[in-house]
Amino acid sequence: VIDRILLKDPVLTIEINKQGESNVAQVVENAIYRFKKFAKKKRKLIHLIRQYELQKFAVRRGTLQLIDERQKERDWTFGSIFFSLARVVYPLDPEEALPVALYLNATVQSEQEGQVLLIGRWNPFAEKKSFDFTGSLKNIALKEYNYFFPNLPAHFVDGTLQLKIKAVCHDDQLNLNYQVRIDQIKLALRKKGSR
């Protein structure tokens, strides 16, 4: 049982070079290698453990940056990230239908500050997907996310996105409700050959 893991003021930078290679891939490979090395040494001990429990994992005032050398317009920063994951238990607790609680609150740093909020509960170890999430995006500047819409004949010059979403899934049956609002939208036709 781990009571709490707390990260204060962490900065995570995702870098993509001109060849499309990401530093995340190397970090994941290193983590997998170290875990396998540890598991090999402690195999008997790991087999003796029948239950794992994490009471809380939390991040306070974190920062997440994306730096893409191929397209500088893709660079973005999430700041003031508050994140928590509570009560992760394996094997699952049969008395708790949705044992894991998740909370995320972050700001999107751009010309005008946006907001991201996500709260919910889910069971990551159930055979059939089960979760209940509520999320919202506020004041997201659309022109900074044109790369998500490469096939549109026009690109965003101005406008802000407001989104509210509610997703409830029980035994692989998903019920999704959402509201989308775009304010002060301005578009410009793409030049031939541009993406």
Side-chain angles (χ1 to χ4, degrees), residues 1-15 22-67 76-109 113-140 162-178:
V1 176
I2 299 174
D3 288 330
R4 184 174 69 156
I5 298 173
L6 175 62
L7 301 179
K8 293 182 178 179
D9 305 308
V11 177
L12 175 62
T13 302
I14 300 172
E15 296 179 344
S22 170
N23 61 338
V24 174
Q26 186 65 47
V27 171
V28 171
E29 285 179 16
N30 288 342
I32 292 172
Y33 170 76
R34 289 179 180 273
F35 177 77
K36 285 182 177 179
K37 191 174 179 181
F38 171 80
K40 189 175 181 180
K41 287 183 178 179
K42 307 292 184 181
R43 185 173 296 159
K44 290 182 179 178
L45 175 63
I46 291 173
H47 282 296
L48 289 174
I49 299 172
R50 292 287 178 253
Q51 182 175 334
Y52 308 85
E53 184 171 341
L54 171 62
Q55 290 289 340
K56 189 170 187 180
F57 172 79
V59 174
R60 290 184 187 170
R61 295 180 302 274
T63 302
L64 173 63
Q65 301 171 323
L66 171 68
I67 299 174
W76 46 252
T77 300
F78 286 147
S80 301
I81 298 173
F82 287 81
F83 173 83
S84 70
L85 195 64
R87 203 164 182 277
V88 181
V89 180
Y90 181 84
L92 58 89
D93 184 347
E95 296 181 3
E96 194 70 72
L98 299 174
V100 181
L102 180 143
Y103 171 81
L104 170 67
N105 191 353
T107 60
V108 183
Q109 297 173 1
E113 194 173 89
Q115 182 106 23
V116 177
L117 176 65
L118 178 67
I119 56 175
R121 292 170 64 84
W122 96 102
N123 191 338
F125 306 116
E127 291 183 10
K128 295 185 177 180
K129 294 181 180 66
S130 295
F131 56 80
D132 184 343
F133 285 112
T134 301
S136 68
L137 299 173
K138 294 181 180 178
N139 297 323
I140 303 300
Q162 323 287 338
L163 172 66
K164 292 182 180 179
I165 189 166
K166 174 75 173 175
V168 178
C169 183
H170 180 68
D171 290 339
D172 284 341
Q173 299 295 315
L174 176 63
N175 184 10
L176 186 64
N177 294 300
Y178 57 89

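Residue numbers count from 1 along this sequence. What you are looking at is a predicted structure, and each value in this text was computed from that prediction instead of being measured. Excluded from the calculations below are hydrogen atoms, water molecules and symmetry mates; all remaining heavy atoms, backbone and side chain alike, are included.
- Between the CG atom of Leu7 and the CZ atom of Arg60 there is a distance of 11.0 Å, given to the nearest 0.5 Å.
- Closest non-hydrogen pair, Phe82 versus Arg61, comes out as CZ-CG, 3.5 Å.
- Without hydrogens or angle criteria, Thr107 side chain to Gly79 main chain gives a donor-acceptor distance under 3.5 Å.
- At least one side-chain heavy atom of Asn175 sits less than 4.5 Å from a side-chain heavy atom of Asn177.
- Looking at Val108 and Val116, their side chains come closer than 4.5 Å, going by heavy atoms from C-beta outward.
- A 4.5 Å side-chain heavy-atom check between Val24 and Val27 finds every atom pair outside the cut-off.
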(message) Determine whether Ile5 and Leu54 satisfy the following criterion, side-chain contact (heavy atoms from CB on, under 4.5 Å), listing intermediate values before the conclusion.
(response) CA-CA 9 Å; Ile5 298 173; Leu54 171 62; 4.3 Å; yes
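- With 3.5 Å as the limit, one finds no donor-acceptor pair spanning the side chains of Gln109 and Thr77.
- For residues 116-135, the set of pairs meeting the salt bridge (Lys or Arg N to Asp or Glu O under 4.0 Å) definition, not counting sequence neighbours, comprises Glu96-Arg121, Asp132-Lys166.
- Gln51 approaches Val89 most closely through the heavy-atom pair NE2-CG1, 3.8 Å.
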(request) Under the side-chain contact (heavy atoms from CB on, under 4.5 Å) rule, what do Thr63 and Ile81 come out as? Steps first, then yes or no, please. (result) CA-CA 6 Å; Thr63 302; Ile81 298 173; 5.7 Å; no
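- Residue Leu12 holds its CG atom at 12.0 Å from CZ of Phe78, rounded to the nearest 0.5 Å.
- One distance of note links CD of Glu15 with CG of Leu66; it measures 9.5 Å at 0.5 Å rounding.
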(request) Using the side chain to side chain donor-acceptor pair (under 3.5 Å) rule, take Gln162 and Asn139 through it: C-alpha gap first, then chi angles, then the decisive distance, then the call. (result) CA-CA 6 Å; Gln162 323 287 338; Asn139 297 323; 3.2 Å; yes
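- Aromatic ring pairs are classed by plane angle as parallel below 30°, tilted from 30° to 60° and perpendicular above 60°; the pair Tyr90 and Tyr52 is tilted.
- Looking at Asn105, its side chain never comes within 3.5 Å of a backbone N or O of Ile119 through a donor-acceptor pair.
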(request) I would like to know whether Tyr33 and Val28 meet side-chain contact (heavy atoms from CB on, under 4.5 Å); could you show each step before the answer? (result) CA-CA 9 Å; Tyr33 170 76; Val28 171; over 6 Å; no
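- The side-chain heavy atoms of Leu102 and Phe83, taken from C-beta on, include a pair separated by under 4.5 Å.
- Scanning all heavy atoms of the two residues, the minimum distance from Pro124 to Val100 falls at CD-CG2, 3.5 Å.
- The closest donor-acceptor contact from the side chain of Glu53 to the backbone of Val88 lies at 3.5 Å or more, if one exists at all.
- Rounding to the nearest 0.5 Å gives a distance of 6.5 Å between CG of Asn123 and OG of Ser130.
- Ser80 meets the side chain to side chain donor-acceptor pair (under 3.5 Å) test with no other residue; sequence neighbours excluded.
- In this structure, Val1 and Asp3 have side chains that are in contact, with non-hydrogen atoms separated by less than 4.5 Å.
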(message) Under the criterion side-chain contact (heavy atoms from CB on, under 4.5 Å), I'd like the reasoning laid out for Phe57 against Leu6: C-alpha separation, chi angles, the key distance, then a yes or no.
(response) CA-CA 6 Å; Phe57 172 79; Leu6 175 62; over 6 Å; no
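- In this structure, Trp122 CH2 and Cys169 SG are separated by 13.5 Å, a value rounded to the nearest 0.5 Å.
- In this structure, the separation between CD1 on Ile165 and OH on Tyr178 is 8.0 Å, given to the nearest 0.5 Å.
- The two residues Asn23 and Ile14 make their nearest non-hydrogen contact at OD1-CA, 3.6 Å.
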